[in-house]
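Following: one structure in structure tokens, then a few remarks.
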Amino acid sequence: MRQRLHLVLVALALGFGFQLVGVDRAALGSGSTARVTAEGGIFRVSLNAFSGIDYMDPALASSPPGWALLDTTCARLMAYPDKPPPEGFDLQPEVAASVPAVSRDGKTYTFKLRNGFRFSDGAPVRASAYAHAINRALAPEMNSPGVQYVRDIVGAGRVLEGKSASASGVVAHGNRLVVRLTRAAPDFPSRMASTYFCAVPPQLPIDAEGVGAYPAAGPYYVVDYRRGERVVLRKNTFYGGRRPHHVDGFDVDLRAASPQEVLQRVDRGDADWGHTIAGVFFDPTLGLVEKYGINRSQFFMRRGLTLRMLAFNSSRPLFRDNANLRKAVNFALNRRALVNTGGALASRPSDQYLPSIVPGFKDADIYPLEHPDLQRAKTLANGNLRGGKAVLYVNSSALPMAIAQQVRQQLGEIGLDVEVRGIPIHSASAAYFKKLATPGEPWDIAFGLWSPSYIDPFAYINLLLDRRFVGATNFARFSSASYEPQMRRAARLPQGSNRNSAYAALDVRLARDAAPLAAVDVLNEPTLVSKRVGCIVLRPVLDLTVVCLK
């Protein structure tokens, strides 16, 4: 089945960064800015095709700005509060009246819905709205990236095979939704916080190209969507929830000529916010840091959730059952040099798979972050080079190619002859990762970017590395009889400190001992807003639902 992976704008983010010096890095932090409450007005958003949105259909949208916009329209069973981290990562009921009841074996979840939620056309939100969202994600003709979160529902396989229109494990009756799983999954409520599972009208069609305008049950709804041109969102006058929302709507212009123009429009006051690749914010020709400073009034920086990595193709002879060579590459990388090429402030070097703000992260000194350890790398590579040739896939844009050439030079120090192959990628398509996921594609190393749509260590560890997701999110095709039981045991633990501790230990063991990936860095999340924007909450992306205009 054709995969739409939500590895958002992957290799693109390895480029489009710029070197900047003389800025206080301690300015990075968390929290929200002072709020100036006002009501009404239209909030203007600028995006461009390169770093914009792919769809406005919740079953298909797989880009950060798309998720940010859909968040304003989405009414979920479970959701994250409109607060900065760490409070903003505490899962809580939204349309669900309380946390779901869970069966003793952990396989059945029962949600009871609140009364009062209505779609923008006035229709009440019933459990059928969520049953349909799940079944749309499973429909093979939909090709939804959200399918990875609901494959373990009883009957999902029959839907995916085209043998049934709905999963037998999803039962909706009035305000009661029952979901039966094939295995215990304590993170299932967190999965329901993804925008893939917003309440949708039960009659919303299954369409591989996505539905544009449709009734929504969140504070706003999509009035108009014209691909490559505009999105119009307006207030849902029937909204029955508790989320604060102040503006009358959002006008989104998708026609900015470049990522730089997105920010120039905000800088001029022609737009109120725009989303683009982190490094662009530090383009010296824009001069944003010099003009605004960081975390003062209009230009902000927060630690982000997006992991940038080198993936090793475990299905190919070079890295298959060759942990020593995978570790050798990790020791040979000069992460600081790679980060500086992409923009010294745009990211933070990392040797772990969990970003620092994700529950379960525990800092460990696994590989050098500021310089390579060539002696360790050469020792590990000795006798494990298997011919010493590797094919590296990367987006063919100029800066990603330049970074790939650095990787080629760095790995040449340990005797690995790397051939760099640039793969064209256009707009916000997932063509690059579709190519990586294709069986038999002859790559050994590939740049990748991972940005899950909900906050849980499962979304980084299991989705990237469990054999169940090979050919989808586990594009490295890593499979381990030793680590899979550990990943699955951690996934079965209930939310809380024990689960976080299990994932913290697993994160370190995987990176240190198996090294299926080489983490490079975690992107920071820059935000630029116009001077008329108030009520700023960064989670770490700007929370559009709660913004107001001064």
Side-chain angles (χ1 to χ4, degrees), residues 10-15 17 308-342 349-351 366-425 431-433 435-449 474-479 511-521:
V10 292
L12 303 180
L14 274 165
R308 216 160 36 170
M309 73 191 100
L310 290 173
F312 306 122
N313 191 341
S314 291
S315 69
R316 296 260 293 169
L318 181 63
F319 288 111
R320 183 189 300 132
D321 301 322
N322 196 356
N324 278 344
L325 184 59
R326 299 195 296 260
K327 288 187 283 186
V329 172
N330 271 277
F331 278 110
L333 289 177
N334 187 333
R335 289 173 171 83
R336 172 53 63 190
L338 298 178
V339 165
N340 286 349
T341 301
S350 178
D351 56 353
I366 305 173
Y367 301 107
L369 299 182
E370 299 298 326
H371 51 75
D373 186 339
L374 289 177
Q375 184 174 352
R376 288 284 302 276
K378 290 177 180 178
T379 298
L380 287 163
N382 186 32
N384 295 300
L385 288 170
R386 298 181 178 177
K389 294 185 180 297
V391 174
L392 168 61
Y393 274 20
V394 63
N395 167 30
S396 59
S397 300
L399 285 175
M401 288 292 288
I403 295 174
Q405 290 298 334
Q406 282 201 52
V407 171
R408 183 186 67 81
Q409 294 171 8
Q410 292 171 14
L411 300 190
E413 296 286 340
I414 62 172
L416 198 58
D417 181 12
V418 176
E419 175 193 347
V420 176
R421 294 186 186 175
I423 308 300
I425 182 170
Y432 179 82
F433 275 93
K435 194 170 186 67
L436 294 186
T438 301
E441 191 67 29
W443 64 272
D444 299 297
I445 309 173
F447 282 128
L449 183 82
N474 182 354
F475 62 95
R477 295 183 173 82
F478 179 69
S479 177
R512 181 190 62 204
D513 302 329
L517 312 167
V520 173
D521 57 358

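- Taken from CG in Leu517 to CD1 in Ile445, the straight-line distance is 12.0 Å, to the nearest 0.5 Å.
- Nearest approach of Ala381 to Ala328, heavy atoms of both residues: N-CB, 3.8 Å.
- When atom types are taken as modelled, the side chain of Arg320 and the backbone of Ser315 share a donor-acceptor pair closer than 3.5 angstrom.
- Under the 3.5 Å distance criterion, the side-chain polar atoms of Arg477 are matched with a main-chain donor or acceptor of Ala437.
- A side-chain donor-acceptor contact under 3.5 Å links Asn313 to the backbone of Trp443.
- The minimum heavy-atom distance linking Ile414 with Leu385 is given by the pair O-CD1, 3.6 Å.
- For the ring pair (Phe, Tyr, Trp, His ring centres under 6.0 Å) test, residues two or more places apart in sequence or in another chain that qualify with Tyr367 are Phe331.
- The minimum heavy-atom distance linking Tyr393 with Pro442 is given by the pair OH-CD, 3.5 Å.
- Note: Arg308 CZ to Leu449 CG = 7.5 Å, rounded to the nearest 0.5 Å.
- Here the CG atom belonging to Leu436 is positioned 8.0 Å from the CD1 atom belonging to Ile423, to the nearest 0.5 angstrom.
- Here the side chains of Ile403 and Phe447 are in contact, with some heavy-atom distance below 4.5 Å.
- A search for side chain to side chain contact (heavy atoms under 4.5 Å, CB included) contacts involving Glu413 returns Leu374, not counting sequence neighbours.
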Between Arg376 and Thr379, does the side chain to side chain contact (heavy atoms under 4.5 Å, CB included) criterion hold? Intermediate values first, please. CA-CA 5 Å; Arg376 288 284 302 276; Thr379 298; 5.8 Å; no
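- Annotation: Gln375, atom CD; neighbour count of heavy atoms from other residues, nucleotides and ligands within 6.0 Å does not exceed 12.
- Nearest heavy atom pair, residue Asp444 against residue Ala390, reads OD2-CA, 3.5 Å.
- A side-chain contact (heavy atoms from CB on, under 4.5 Å) with Arg386 is found for one member of Leu318, Leu325, Leu416 and no other, namely Leu318.
- Side-chain contact between Val418 and Val407 is absent, with no heavy atoms from C-beta onward closer than 4.5 Å.
- No side-chain donor-acceptor contact under 3.5 Å links Asn330 to the backbone of Asp351.
- One finds the CG atom of Asp521 at 10.5 Å from the CE atom of Met309 (value rounded to the nearest 0.5 Å).
- Of the possible polar contacts, one joining the Arg335 side chain to the Ala519 backbone as a donor-acceptor pair under 3.5 Å is found.
- When the shell of 6.0 Å around CZ of Arg421 is examined, it contains more than 12 heavy atoms from other residues, nucleotides or ligands.
- The NE2 atom of His371 sits 11.0 Å away from atom CZ of Arg336, with the distance rounded to the nearest 0.5 Å.
- The heavy-atom pair separating Ala323 from Asp513 by the smallest distance is CB-O, 3.8 Å.
- In terms of modelled atom types and a separation under 3.5 Å, the side chain of Arg408 and the main chain of Val420 share no donor-acceptor contact.
- Counting heavy atoms from C-beta outward, Leu411 and Leu392 have side chains that stay 4.5 Å or more apart.
- Nearest heavy-atom pair across Arg326 and Asp321 is NH1-N, 4.0 Å.
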